[in-house]
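Okay, structure first, notes after.
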Protein chains: 2
Amino acid sequence: MKEKSPTTQELVLRLLRTDILTGVLRPGQQIIQESLASRYGVSRAPLREAMKIIEGEGQIIHSPHRGYFVTELDLANMREVYRLREILEREAIRAAIPNLTDTEIQAIGAVADEVSAAAASGELLAITLANRRFHFMVFEASQMPRLVRILTQLWDATDVYRSVYFAAPGSMAHVARDHAGILEALRARDTDEVIRWQDSHRDHALTRLADQLDSPRRPVITVR
Amino acid sequence: MKEKSPTTQELVLRLLRTDILTGVLRPGQQIIQESLASRYGVSRAPLREAMKIIEGEGQIIHSPHRGYFVTELDLANMREVYRLREILEREAIRAAIPNLTDTEIQAIGAVADEVSAAAASGELLAITLANRRFHFMVFEASQMPRLVRILTQLWDATDVYRSVYFAAPGSMAHVARDHAGILEALRARDTDEVIRWQDSHRDHALTRLADQLDSPRRPVITVR
DNA sequence: CCGCGATTAATTGGATCCAATCTGCTACTT
DNA sequence: AAGTAGCAGATTGGATCCAATTAATCGCGG
């Protein structure tokens, strides 16, 4: 097997995503290209192309001749994202259920365990990523690549705040319960029940996140 | 009022969009950066950033070290786009109706006339753009910017084929009738009726487009 | 004659360099 | 003293240049 040759902008893309996710780059903050490029040890060229991608996903916005700024979500915006997720995830689940094989469901169960393991370790980034994999394994079974892409964008838009949510006490137990419920309903091939669990799961996250929106989060790391 | 200073990549962006829309760049074709850049009279740098945006909208795809290619939609993909449009446009209309003022509806009516005027002139590009404005004036009244953005992407994805559709004889009369129906239902604030018209409008377009997908379209202009 | 491998041309990816624009400060006018 | 014009520094936008990767052709061997 030949090893992958990661192009520089893919690398930068990953770095950018995690920096936004972990709060190194805070909402509202301007991104100084030179500074960030040297921080990543690359030139500005691949950074700018990577930023154009992130901009397309709505995580940063661009103002000509002024620069890029990390987007800041207000409550209305957040509610819109969750409303769209509600509509689209229902569609994804409906399309996915008939396609899901037993082995795939088993694999999804394994990922659920990974989430729990990550939760035990307390690694916020690991939890977020594992949780994402869990849900998207279902979505991807829909065989609707464009739908999956849109859902990815919607999840990306709120991921900045999601890690804060996971940090809240008691959230992890709630998540574990919902995941178990989803899994059980998947095994029974009970579409409506899966949707019910997923809806409640999402609603719970939204109310928690809405609370967090008032109290601004503290910086994790600051880049000059 | 100060005039706008269009940055180069915005210019390139517009050029790229119309080139894809009008078929100068055909589905499946590779985009040779140097060739296209010189055609636009610019360097490759702004072209590449513009392409990253278009890629995010799904109109072209990128393969590392190989290049950019204009995306080609198969029937399954096309059906997915229309299914997603169905779901999301319904949501947009539901959210929009309560917000629509009489003056706004009047303005939408004016745009419907523009579509007819464009249809009479036979200018395919003008028809496409006017038609788009008509529908998006409704969508934008939803006050859901993210939803509008996603819908824009979905419309973009099929616009390459839409002009072919408009060229089909009899289509224009059908379109005019549907638009009139939508307008009337808007004036009556009858949400379900608007959705019914919009659904039928869309379904008609899909069946026509599906036909076109078999017979490959002839090139309009070819760039070396 | 067909398949496989190496060399070469073409194209993309990344870095550096220069020009255009914005922002904040200073000084001047009223 | 307040406001505005203009100047200087910083930052972004665009162009050119060089390196890395791909694919295509040619040649060799089976």
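Every chain is numbered from 1, with letters handed out A, B, ... down the list of sequences. None of the values given here were measured: they were computed from a predicted structure.
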In whole angstrom, give the distance that lies between atom CG of B/Leu36 and atom C1' of C/dT11. 14 Å
Excluding sequence neighbours, so at least two apart, what forms side-chain contact (heavy atoms from CB on, under 4.5 Å) with B/Gln143? B/Asn99
Between D/dG13 and A/Arg48, is there an OP1 or OP2 to side-chain N/O distance shorter than 4.0 Å? yes
Check the phosphate of C/dA10 against B/Gln33, side-chain N and O only, distance under 4.0 Å to OP1 or OP2. Yes or no? no
Calculate the interatomic distance between B/Tyr68 atom OH and D/dT22 atom P; express it in whole Å. 16 Å
I'd like to know if B/Glu86 and B/Arg83 make a salt bridge, using a cut-off of under 4.0 Å between side-chain N and carboxylate O. yes
Using whole Å, report how far CD of B/Glu10 lies from P of D/dT12. 17 Å
Check: B/Glu89/B/Gln198 side-chain N/O donor and acceptor closer than 3.5 Å: yes
With B/Glu140, which residues qualify under salt bridge (charged side-chain N to carboxylate O under 4.0 Å, His left out), at least two apart? none
Take A/Pro64 and A/Glu49, find for each the nucleotide of DNA chain C with the closest heavy atom, and name the residue whose nucleotide sits nearer the 5' end. A/Glu49
Kindly write out the residues that satisfy salt bridge (charged side-chain N to carboxylate O under 4.0 Å, His left out) with B/Asp203, not counting sequence neighbours, or none if the list is empty. none
Output the rounded distance in Å from NE2 (B/His65) to P (D/dT22). 6 Å
Quick one: is C/dG13 close enough that its OP1 or OP2 comes under 4.0 Å of any side-chain N or O from B/His62? yes
Within the pair B/Gln9 and D/dG14, is there a side-chain N or O less than 4.0 Å away from OP1 or OP2? yes
Within this structure, what is the CD-to-P distance between A/Glu34 and D/dT12, rounded to whole angstrom? 9 Å
By salt bridge (charged side-chain N to carboxylate O under 4.0 Å, His left out), which residues pair with A/Arg66, not counting sequence neighbours? none
Across all chains, not counting sequence neighbours, the side-chain contact (heavy atoms from CB on, under 4.5 Å) partners of B/Arg94 are B/Arg90, B/Thr191, B/Ile195
Shorter than 3.5 Å, N or O on both sides, protein versus nucleotides 15-19 of chain C: list them out with atom names.
residue, atom, partner, partner atom, Å
C/dA15, OP2, A/Ser43, N, 3.0

Nearest listed nucleotide, side chain of B/Ile32, among D/dG13, D/dT21, C/dT11: C/dT11
Would you indicate, yes or no, if D/dT11 has its OP1 or OP2 atom less than 4.0 angstrom from a side-chain nitrogen or oxygen of A/Gln30? no
Give a yes/no on whether any side-chain N or O of B/Arg66 is located under 4.0 angstrom from OP1 or OP2 of C/dT12. no
Any base atoms under 4.0 Å from A/Ile31, or only sugar-phosphate, or nothing? Heavy atoms, all strands. sugar-phosphate
